[in-house]
Chemist: 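Quick one: the structure is below, and I'll ask about it shortly.
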Amino acid sequence: MGSARHGHAGICRGCWDQMHVPIPIRGPLSLPFRAFGITRSKMNPNICTICERSFRYVKKQRHVTVPATILFADIRGVTALSERIDAIRLSAIVSLFQDRCAQAIWTHDGIVNKQMGDGLMAIFNFPITATDHAGAAINAALDLQRLCAAAFEDLRSSLDGLPAHTLGVGVGIHTGDVEIGEFSSFRSDFTAIGGAVNLAARLESQAAAGEILVSAETAARSPAWTAGAGERLLALKGLDQPVRARVLARRT
Ligand SMILES: [Zn+2]
């Protein structure tokens, strides 16, 4: 769908990729839609709020199974730091992290599906489809590591008392089939669940500051980005067999 998407710069890319329906989200054509509350999604400014609610109102099904790449990221060292710095500095750190991560994820057509304080979960290949969603997620991770490191460094020089090299981001990435849909009776936006989501979260929990842990499945789909990367055998909670992961370090 590459040519179609570039020819429809002002329309929702999620609605186009999922349903081939052009929903204007920019420019004068978007005004009547905005009057009905259809606006750009906070998950990604290139998708709309119909995408968030499409399962109940458009697809008429509760969930779908799709191949996707899931990325989890969170700030390492922030718990220890929260005991030593004030709330204002802590919120500055968290909002820098959330903003820089979103910027990197959106650049590579992913969505920020959930924000959990000092962490987040991103989905690649839904609702904006991408043939190389594994490569997109890896590139988003490399970008977000670089952007967060620069932002934390700036913050450290402007806020005295913030110790050097205490802050960093850990990332975990895994590719597999996930269930995407609305799984709550009182929220109307979608999320992804399943074993593949859990594995991405577990990988992230093992990533040190500055590290990106990429599962063997994701690495196999993007050899260009993981060739030459170190390998680590991880014992993950809830899994009998150790899991092999590629370790990508932040580009400096
Ligand atoms: Zn949409």
Side-chain angles (χ1 to χ4, degrees), residues 1-73 98-116 120-141 143-144 173 175-194 196-197 200:
M1 295 320 303
S3 57
R5 98 174 18 143
H6 295 299
H8 293 82
I11 66 164
C12 169
R13 291 181 51 194
C15 285
W16 183 256
D17 285 2
Q18 296 299 318
M19 302 176 282
H20 283 269
V21 176
I23 303 291
I25 52 170
R26 285 188 183 81
L29 288 176
S30 70
L31 291 174
F33 287 85
R34 272 189 253 168
F36 284 99
I38 298 162
T39 57
R40 293 188 222 171
S41 169
K42 288 182 173 65
M43 295 186 195
N44 180 313
N46 291 317
I47 71 169
C48 75
T49 47
I50 293 176
C51 292
E52 294 178 3
R53 296 176 298 227
S54 64
F55 286 91
R56 195 157 305 167
Y57 296 111
V58 183
K59 290 181 192 290
K60 308 284 184 205
Q61 54 189 334
R62 295 294 288 179
H63 59 91
V64 291
T65 306
V66 295
T69 300
I70 305 296
L71 178 156
F72 278 86
Q98 293 289 356
D99 291 354
R100 297 308 188 276
C101 286
Q103 193 185 334
I105 289 158
W106 295 343
T107 297
H108 297 282
D109 288 341
I111 59 159
V112 180
N113 183 241
K114 282 195 242 181
Q115 290 178 310
M116 306 147 281
L120 62 80
M121 170 179 147
I123 303 172
F124 294 80
N125 203 35
F126 190 92
I128 302 174
T129 58
T131 315
D132 184 17
H133 47 93
I138 290 172
N139 277 283
D143 284 359
L144 78 81
I173 302 175
T175 304
D177 283 346
V178 299
E179 299 298 316
I180 294 182
E182 293 164 15
F183 300 105
S184 161
S185 55
F186 53 89
R187 285 188 56 152
S188 58
D189 53 352
F190 68 83
T191 191
I193 61 168
V197 179

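All ligand and atom numbering here is 1-based and tracks the order in the structure.
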Chemist: For the Zn ion (ligand 1), how many protein N, O or S atoms lie at less than 2.8 Å?
Modeler: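 N, O or S atoms of the protein closer than 2.8 Å: 4.
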
Chemist: Checking Glu179 now: which residues fulfil side-chain hydrogen bond (donor to acceptor under 3.5 Å, both in side chains) with it, not counting sequence neighbours?
Modeler: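 Expected list: His63, Thr65.
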
Chemist: Less than 4.5 Å apart, any side-chain heavy atom of Arg26 and any of Asn46?
Modeler: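 Yes; the side chains approach each other to less than 4.5 Å.
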
Chemist: List the residues meeting side-chain hydrogen bond (donor to acceptor under 3.5 Å, both in side chains) with Thr191, not counting sequence neighbours, and say none if there are none.
Modeler: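 Checked Thr191 against side-chain hydrogen bond (donor to acceptor under 3.5 Å, both in side chains); matches are Asn113.
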
Chemist: Is a side-chain donor or acceptor of Trp16 paired with a backbone partner of Ile128 at a separation under 3.5 angstrom?
Modeler: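 No; zero donor-acceptor contacts below 3.5 Å.
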
Chemist: Among all residues two or more places apart in sequence or in another chain, which pass the side-chain hydrogen bond (donor to acceptor under 3.5 Å, both in side chains) test with Gln103?
Modeler: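 Listed in chain order: nothing, the list is empty.
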
Chemist: Looking only at atom types and distance, does a side-chain atom of Asp109 sit under 3.5 Å from a main-chain N or O of Thr129, one as donor and one as acceptor?
Modeler: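 Between the backbone of Thr129 and the side chain of Asp109 there is no qualifying donor-acceptor contact (under 3.5 Å).
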
